[in-house]
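What you see is a predicted model, and the numbers here were worked out from it, not measured in a lab. Counting starts at 1 for both ligands and their atoms, following the listed order.
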Amino acid sequence: MSDPILSIRGLRKQYGSGTEALKAVDLDIRRGEIFALLGPNGAGKTTLISIICGIVKPSGGEVLVDGKDWQRNFREVRKRIGLVPQELTMDLFEPLLSTVSFSRELFGRRPDPARIEQILKELSLWDKRKTILKELSGGMKRRVMIAKALAHDPDILFLDEPTAGVDVELRRDMWNMVRRLREMGTTIILTTHYIEEAEEMADRVGVINKGELILVEEKAELMKKLGRKILHLQLT
Ligand code: ATP
């Protein structure tokens with residue numbers, strides 16, 4: 001692959017409990033693609049994302065962003081990464097606008113009220129900008145998590161199971177937003193349990209199970225294979 005934005009080599013994670021959450025994972029992410037990481041509960045999806053975002057320390061292997069060793073250039077590289085985690089992480093007593101603006105400054109970016117306004121309008125949050133977060137609905141809070149992750153204009157955005165437990169309307173909005181971000185040049189890596197989500201969103205799909213990346217395919221190829229498998233199952 002020419003010039004991947006993100007390269008993962010031999011990435012391993014063993015937790016203190018002895019669980020081998022990642023077993024020597026190799027993966028290249030193309031610049032500007034939407035990559036879906038598909039896998040069941042406990043497969044290692046969150047662990048992989050958490051290592052790249054600097055939340056979990058790997059047991060071995062390396063991560064390169066634009067060919068630069070992530071650990072040696074952590075501050076610089078981390079600024080380029082946005083993360084929407086599964087759980088809501090926010091101060092519920094803060095107003096929405098200051099929460100999102102602060103997320104930008106946290107990464108050392110200069111304040112940019114016009115950019116924050118644009119992000120909030122994109123996510124249909126602008127009208128709620130003065131609202132204290134605890135007064136927002138669950139769906140709105142998930143939108144705030146996305147706004148926080150986008151506030152510092154990352155080049156690579158990780159979405160950890162973005163549509164788990166969200167309603168149809170928010171799921172559709174998220175899919176549209178992810179597509180718009182890709183059009184603007186953001187590279188997107190999302191984790192999901194749902195094959196339909198990978199089919200709807202991704203350019204390429206990786207399947208992870210028990211810490212091993214067992215398959216990486218162009219979406220169209222994967223769907224052909226899965227289609228045959230489903231057909232095979234129906235015939236036998
Ligand atoms: P899910 O879809 O349920 O979120 P996942 O694919 O994201 O699952 P991980 O959360 O990465 O999977 O977990 C991978 C394995 O590592 C699981 O066996 C899990 O129990 C274990 N694990 C995750 N975090 C820890 C931790 N902090 N300490 C010990 N074991 C952990």
I'd like a table of donor-acceptor pairs (distance under 3.5 Å, sequence neighbours excluded) in which one partner is a side-chain atom from residues 126-133, with atom names and distances.
residue, atom, partner, partner atom, Å
Arg129, NH1, Trp126, O, 2.9
Thr131, OG1, Lys128, O, 3.1

Do Lys121 and Glu117 sit within salt-bridge range, that is, some charged N less than 4.0 Å from a carboxylate O?
yes
For atom 16 (O) of ligand 1, which candidate among Pro40, Ala21, Gly18 holds the nearest heavy atom?
Ala21
Below 3.5 angstrom, do we get any N/O pair linking Lys45 and ligand 1?
yes
If we number the atoms of ligand 1 from 1 as shown, the ones under 4.0 Å from a heavy atom of His193 are 2 (O)
Nearest neighbour in protein (non-hydrogen) for atom 10 (O) of ligand 1
Thr46 CB, 3.7 Å
I need the atoms of ligand 1 closer than 4.0 Å to a non-hydrogen atom of Ser17, numbered in the order shown.
29 (C), 30 (N)
For residues Glu105 and Pro111, determine if any side-chain heavy atom of one lies less than 4.5 Å from a side-chain heavy atom of the other.
yes
Protein contact for atom 14 (C) of ligand 1 (heavy atom, distance under 4.0 Å)
yes
Taking only Lys NZ, Arg NE, NH1 and NH2, and the carboxylate oxygens of Asp or Glu, determine whether Asp66 and Arg31 approach each other closer than 4.0 Å.
yes
State whether Glu200 and Arg172 are salt-bridged, where the test is any N-O pair (Lys NZ or Arg NE/NH1/NH2 against Asp/Glu carboxylate O) under 4.0 Å.
no
Atoms of ligand 1, numbered as shown, that sit under 4.0 Å from any heavy atom of Glu161
1 (P), 2 (O), 4 (O)
Flag: protein heavy atom within less than 4.0 Å of atom 20 (O) of ligand 1
no
Counting non-hydrogen protein atoms only, what is the nearest one to atom 23 (C) of ligand 1? Give residue, atom name and distance.
Tyr15 CE1, 3.4 Å
Nearest non-hydrogen protein atom, atom 3 (O) of ligand 1
Asn41 ND2, 2.7 Å
Provide, to 0.1 Å, the distance between atom 8 (O) of ligand 1 and the closest protein heavy atom, together with that atom's residue and name.
Gly42 N, 2.8 Å
Under 4.5 Å between any side-chain heavy atoms of Val216 and Phe35, yes or no?
yes
Residue, atom and distance of the protein heavy atom nearest atom 18 (O) of ligand 1 read Thr19 CG2, 3.5 Å
For the residue pair Tyr15 / Thr47, report whether a side-chain donor-acceptor contact shorter than 3.5 Å exists.
yes
Any Met140 side-chain heavy atom under 4.5 Å of Leu96 side chain:
no
Closest approach of any protein heavy atom to atom 12 (O) of ligand 1, naming residue and atom
Gly44 N, 3.2 Å
Validation row: Thr163, Trp175 side chains within 4.5 angstrom (heavy atoms)
yes
Ala43 neighbourhood, listing ligand 1 atoms whose heavy-atom distance to it stays under 4.0 Å:
5 (P), 6 (O), 12 (O)
Is there a polar contact, in the sense of an N or O pair closer than 3.5 Å, between Gly39 and ligand 1?
no
Exercise: identify the closest heavy-atom pair between Asp69 and Arg72
OD1-N, 2.9 Å
Who's the nearest protein heavy-atom neighbour of atom 11 (O) of ligand 1, and how far?
Thr47 OG1, 2.5 Å
